[in-house]
Amino acid sequence: MSTYAVTGATGHLGHLAVLALLDRGVPAQNVVAVVRDAAKAQPLAERGVQVRVADYNDADALGTAFAGVDRLLFVSGSEVGQRERQHRMIIEAARAAGVSRIAYTSIARAGENSMPLGAEHRATEALLLASGIPTLLLRNSWYLENYTGQLEQYLAVGAIIGATGAARIAAAPRADYAEAAVAALVDDAAPGVYELGGPAFTMGELAAALSAAVGRELPYRDVTLAEFEAGLVAAGLDAGTAAFVTALERGAAAGELDVPVTDLERLLGRPATELATAVKHLIG
């Protein structure tokens with residue numbers, strides 16, 4: 001049986017992917033969790049998962065971590081501005097170790113995505129294609145948790161404030177993306193591009209779903225991008241971070257996170273989780 005590795009295996013998405021591999025019946029001894037901190041992976045080790053320590057900045061450790069690995073779920077790094085360098089090391093280590101297939105978590109519409117994250121994902125996709133390793137480019141749209149994780153703030157303000165207008169956002173819960181990524185590797189999905197997203201919604205529709213889930217009216221209040229950025233600064237963000245978040249909002253408003261649900265459902269082998277169901281689950 002193939003040996004599978006997941007990078008960032010104690011992160012939100014990576015951890016769910018390891019669990020999904022186990023749920024699919026992959027023996028724990030055939031699952032490698034690549035982590036920065038072994039202590040955080042102790043629950044996985046107790047289930048028999050191989051825990052290997054490697055930082056995205058340590059080429060030697062990455063090479064050791066990938067030894068004997070056949071298929072790799074390459075979860076993109078979280079250090080904006082450092083990803084291209086780090087990702088190059090991961091790809092080179094995977095190639096040297098003889099990894100035969102990679103699934104990489106990219107961003108929706110990576111080829112033309114104007115968001116600050118887009119360039120690093122485009123560069124990584126190019127490196128993967130040049131590596132010669134059969135690769136599945138899993139272009140994930142937004143995580144629904146990006147919004148449900150702000151519920152406390154929404155409740156404090158009494159509204160959801162954004163600048164996306166009527167643009168649709170194909171967000172899905174991380175669990176759907178993790179399950180799809182694992183299915184892509186385990187079920188021998190063809191190498192290529194997969195634009196992944198859940199059933200698309202407007203922010204007004206998200207506000208309605210959150211309102212229903214919490215039993216309290218949370219309207220969506222649309223503002224201009226300038227007002228949105230000023231509000232972030234007023235809330236305590238530094239100017240650079242506020243500009244970064246506003247650039248993400250600008251991309252969402254341009255429809256860059258709106259992708260068909262087709263590829264996600266094809267990998268899942270089931271319908272993607274509906275918005276109302278996902279929201280209720282995520283906020284508990």
Inset, instruction - State whether the number of non-hydrogen atoms from other residues, nucleotides or ligands found under 6.0 Å of Arg122 atom CZ is greater than 12. - result: yes

What donor-acceptor contacts under 3.5 angstrom involve side-chain atoms of residues 5-18, with partners at least two apart or in another chain?
from : atom 1 : to    : atom 2 : distance (Å)
Thr7 : OG1    : Tyr56 : OH     : 2.8
Thr7 : OG1    : Val75 : N      : 2.8
Thr7 : OG1    : Val75 : O      : 3.4

Inset, instruction - With the side chain counted from C-beta on, respond yes when Thr202 and Tyr220 share a heavy-atom pair under 4.5 Å apart, and no when they do not. - result: no

Legend entry - Chi angles and distances behind the side-chain contact (heavy atoms from CB on, under 4.5 Å) call for Asn57, Glu79: CA-CA 11 Å; Asn57 295 298; Glu79 296 179 61; 4.0 Å; yes

Inset, instruction - Check whether any side-chain N or O of Gln50 sits under 3.5 Å from a backbone N or O of Gln29 as a donor-acceptor pair, and report yes or no. - result: yes

Inset, instruction - Could you tell me whether the side chain of Arg24 and the main chain of Glu179 form a donor-acceptor pair under 3.5 Å? - result: no

Legend entry - Val279 and Tyr147, any side-chain heavy atoms less than 4.5 Å apart: no

Inset, instruction - Would you check, one step at a time, whether the test side-chain contact (heavy atoms from CB on, under 4.5 Å) holds for Leu232 with Glu249? - result: CA-CA 12 Å; Leu232 294 175; Glu249 193 79 357; over 6 Å; no

Legend entry - Non-hydrogen atoms of Asp58 and Ala61 that approach each other most closely: OD1-N, 3.0 Å

Inset, instruction - Answer yes if Leu127 and Leu136 sit in the same cluster of Ile, Leu, Val, Met, Phe, Trp and Tyr residues linked by side chain heavy atoms under 4.5 Å apart, and no otherwise. - result: yes

Inset, instruction - Could you check whether the rings of Phe74 and Tyr104 sit parallel, tilted or perpendicular, using 30° and 60° as the cut-offs? - result: tilted

Inset, instruction - Check whether more than 12 heavy atoms from other residues, nucleotides or ligands sit under 6.0 Å from atom CD of Glu152, and answer yes or no. - result: no

Inset, instruction - Examine distances only and state if a side-chain atom of Asp222 and a backbone atom of Gly165 form a donor-acceptor pair shorter than 3.5 Å. - result: yes

Legend entry - Joint hydrophobic cluster, Leu225 plus Val233, side-chain heavy atoms closer than 4.5 Å: no

Inset, instruction - Could you tell me whether the side chain of Glu125 and the main chain of Ser106 form a donor-acceptor pair under 3.5 Å? - result: no

Legend entry - Flag, side chain of His87 to backbone of Gly77, donor-acceptor distance under 3.5 Å: yes

Inset, instruction - Using a 4.5 Å cut-off on heavy atoms from C-beta on, say whether the side chain of Leu22 contacts that of Val49. - result: yes

Legend entry - Smallest separation among heavy atoms of Ala253 and Ala167, with atom names: O-CB, 3.5 Å

Legend entry - Under 3.5 Å donor-acceptor, Glu120 side chain and Arg83 backbone: yes

Inset, instruction - Would you mind reporting whether Trp142 and Ile107 have side-chain heavy atoms less than 4.5 Å apart? - result: yes

Inset, instruction - Provide the closest heavy-atom pair for Glu229 versus Ala239 in the form atom of the first, atom of the second, distance. - result: OE2-O, 4.5 Å

Inset, instruction - Check Glu256 against Ala108 and note the closest heavy-atom contact, atom names and distance. - result: O-CB, 3.7 Å

Inset, instruction - Check the surroundings of atom CZ in Arg36: do more than 12 heavy atoms from other residues, nucleotides or ligands lie under 6.0 Å from it? - result: no

Inset, instruction - I would like to know whether Leu248 and Leu117 meet side-chain contact (heavy atoms from CB on, under 4.5 Å); could you show each step before the answer? - result: CA-CA 8 Å; Leu248 299 179; Leu117 306 174; 4.2 Å; yes

Legend entry - Within-4.5 Å side-chain heavy-atom neighbours: Arg95 and Ile91: no

Inset, instruction - Treating Ile, Leu, Val, Met, Phe, Trp and Tyr as nodes and any side-chain heavy-atom pair under 4.5 angstrom as an edge, say whether Phe66 and Leu44 lie in one connected cluster. - result: yes

Legend entry - Path from Leu155 to Leu144 over hydrophobic side-chain contacts below 4.5 Å: yes

Inset, instruction - Of all the heavy-atom pairs spanning Gly158 and Arg216, show the shortest one and how long it is. - result: CA-NH2, 4.0 Å

Inset, instruction - Measure the spacing between CD1 of Ile160 and CZ of Arg221 and express it to the nearest 0.5 Å. - result: 11.0 Å

Inset, instruction - May I ask you to test the Asp70-Arg101 pair for a side-chain heavy-atom distance under 4.5 Å? - result: no

Legend entry - Donor-acceptor under 3.5 Å (Tyr143 side chain, Ala175 main chain): no

Inset, instruction - To the nearest 0.5 Å, tell me how far Tyr154 OH sits from Leu218 CG. - result: 9.5 Å

Inset, instruction - Test Val182 against Tyr4 for side-chain contact (heavy atoms from CB on, under 4.5 Å), laying out the working first. - result: CA-CA 9 Å; Val182 165; Tyr4 298 82; over 6 Å; no

Legend entry - Atom pair CG/OG1 of Asp60 and Thr64 - distance to nearest 0.5 Å: 7.0 Å

Legend entry - Asp187 (side chain) donor-acceptor with Ala189 (main chain) under 3.5 angstrom: no

Inset, instruction - Locate the shortest heavy-atom distance separating Leu282 from Pro173; write the atom from each residue and the value. - result: CD1-CB, 4.3 Å

Legend entry - Polar side-chain atom of Thr148 near backbone of Ile283 as donor-acceptor pair, under 3.5 Å: no

Inset, instruction - Report yes or no: do Tyr177 and Leu206 belong to one cluster of Ile/Leu/Val/Met/Phe/Trp/Tyr joined by side chain heavy-atom distances under 4.5 Å? - result: no

Inset, instruction - Run through Val259, Leu264, Leu138 and flag the one making a side-chain contact (heavy atoms from CB on, under 4.5 Å) with Tyr194. - result: Leu138

Legend entry - pair Ile161-Gln153: side-chain heavy atoms closer than 4.5 Å: no

Inset, instruction - First locate atom OG1 of Thr262, then atom CG of Leu267, and finally report the distance between them rounded to the nearest 0.5 Å. - result: 11.0 Å

Inset, instruction - Output the distance between atom CG (Leu73) and atom CD1 (Ile102), rounded to the nearest 0.5 Å. - result: 10.0 Å

Inset, instruction - Show which residues join Val53 in its hydrophobic cluster (side-chain heavy-atom contacts under 4.5 Å, direct or indirect), or state none. - result: Val35, Val51

Inset, instruction - Please name the residue in the list Asp176, Leu196, Val261 that meets the side-chain contact (heavy atoms from CB on, under 4.5 Å) test with Leu268. - result: Asp176

Legend entry - Main-chain N/O of Arg109 paired to Glu195 side chain as donor or acceptor, under 3.5 Å: yes

Legend entry - Inter-residue atom distance Leu185.CG - Leu21.CG, 0.5 Å rounding: 7.5 Å

Inset, instruction - State whether the number of non-hydrogen atoms from other residues, nucleotides or ligands found under 6.0 Å of Arg85 atom CZ is greater than 12. - result: yes

Inset, instruction - Take Arg71 and Asp188, measure what salt bridge (Lys or Arg N to Asp or Glu O under 4.0 Å) needs, and give me the verdict at the end. - result: CA-CA 10 Å; Arg71 301 187 176 196; Asp188 296 322; 2.6 Å; yes

Legend entry - Glu227 and Thr224: side chain donor to acceptor below 3.5 Å: yes

Legend entry - Beyond-backbone contact of Pro27 with Met1, side-chain heavy atoms, under 4.5 angstrom: yes

